[in-house]
Student: 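Okay, handing you the structure first.
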Amino acid sequence: TSLVVQPFASLIGKVGRHCPRVLINRERVGEADSDSDDSDEYTLQSFLRGNARDGGFVFGQRGKRDVLYLGDCDDGVQELCEILGWKEDLDKLKRM
């Protein structure tokens, strides 16, 4: 996964506190510990320790801005574009 490679590993913490975040991946990664303070600070070291205490994803009821799509990236992007009404735009890009 790109969440263990820089610069992607630090992107999770680069967005504002109220910005929605979407993880499209085949498995759950980068989640905050259940006792996380949900700070904006995210470090690669916390991810590599097996948790994302410093601002990791919070999926489910407790999380209000993080969305998880379990599956292939192409399928996730396709579904997201369909939901947002961007299917035609995506199809045009695919033909380029």
Side-chain angles (χ1 to χ4, degrees):
T1 181
S2 295
L3 286 178
V4 294
V5 178
Q6 289 293 354
F8 300 102
S10 61
L11 290 178
I12 189 173
K14 299 288 185 194
V15 298
R17 202 174 188 91
H18 301 288
C19 180
R21 302 181 299 185
V22 178
L23 173 65
I24 300 174
N25 204 44
R26 292 182 181 163
E27 57 191 52
R28 295 175 80 112
V29 294
E31 291 184 80
D33 286 342
S34 59
D35 63 345
S36 171
D37 63 2
D38 197 32
S39 69
D40 284 335
E41 192 72 28
Y42 178 79
T43 63
L44 177 61
Q45 289 75 20
S46 65
F47 180 80
L48 293 176
R49 283 194 312 266
N51 62 55
R53 178 178 172 83
D54 301 325
F57 290 113
V58 180
F59 302 118
Q61 282 194 2
R62 203 168 67 86
K64 296 183 177 161
R65 70 176 183 149
D66 295 335
V67 176
L68 172 64
Y69 179 94
L70 288 175
D72 292 327
C73 183
D74 289 351
D75 296 338
V77 171
Q78 180 75 33
E79 187 170 335
L80 180 62
C81 287
E82 288 173 10
I83 290 168
L84 295 172
W86 300 344
K87 184 180 181 314
E88 288 182 28
D89 294 328
L90 179 63
D91 290 342
K92 285 178 190 174
L93 288 172
K94 287 180 180 180
R95 288 190 295 265
M96 293 178 108

Student: If every non-hydrogen atom of Val29 is compared with every non-hydrogen atom of Leu23, which pair is closest and at what distance?
Tutor: O-CD2, 3.6 Å
Student: Would a hydrophobic clustering, with Ile, Leu, Val, Met, Phe, Trp and Tyr connected at side-chain separations under 4.5 Å, put Phe57 with Leu68?
Tutor: yes
Student: Identify whether Val67 and Val58 are in the same connected component of the hydrophobic contact network (ILVMFWY, side-chain heavy atoms under 4.5 Å).
Tutor: no
Student: Rounded to the nearest 0.5 Å, how far apart are CZ of Arg21 and CZ of Arg65?
Tutor: 3.5 Å
Student: Check residues 71-80 and write down every donor-acceptor pair under 3.5 Å in which the side-chain atom is one partner and the other belongs to a residue at least two apart or another chain.
Tutor:
from, atom 1, to, atom 2, distance (Å)
Asp72, OD1, Arg26, NE, 2.6
Asp72, OD1, Arg26, NH2, 2.8
Gln78, OE1, Lys94, NZ, 2.7
Gln78, NE2, Glu82, OE2, 3.0

Student: To the nearest 0.5 Å, what is the distance between CG on Asp66 and CD1 on Ile12?
Tutor: 6.5 Å
Student: Going through the checks in order, is the side-chain contact (heavy atoms from CB on, under 4.5 Å) test met by Leu90 and Lys87?
Tutor: CA-CA 5 Å; Leu90 179 63; Lys87 184 180 181 314; 5.7 Å; no
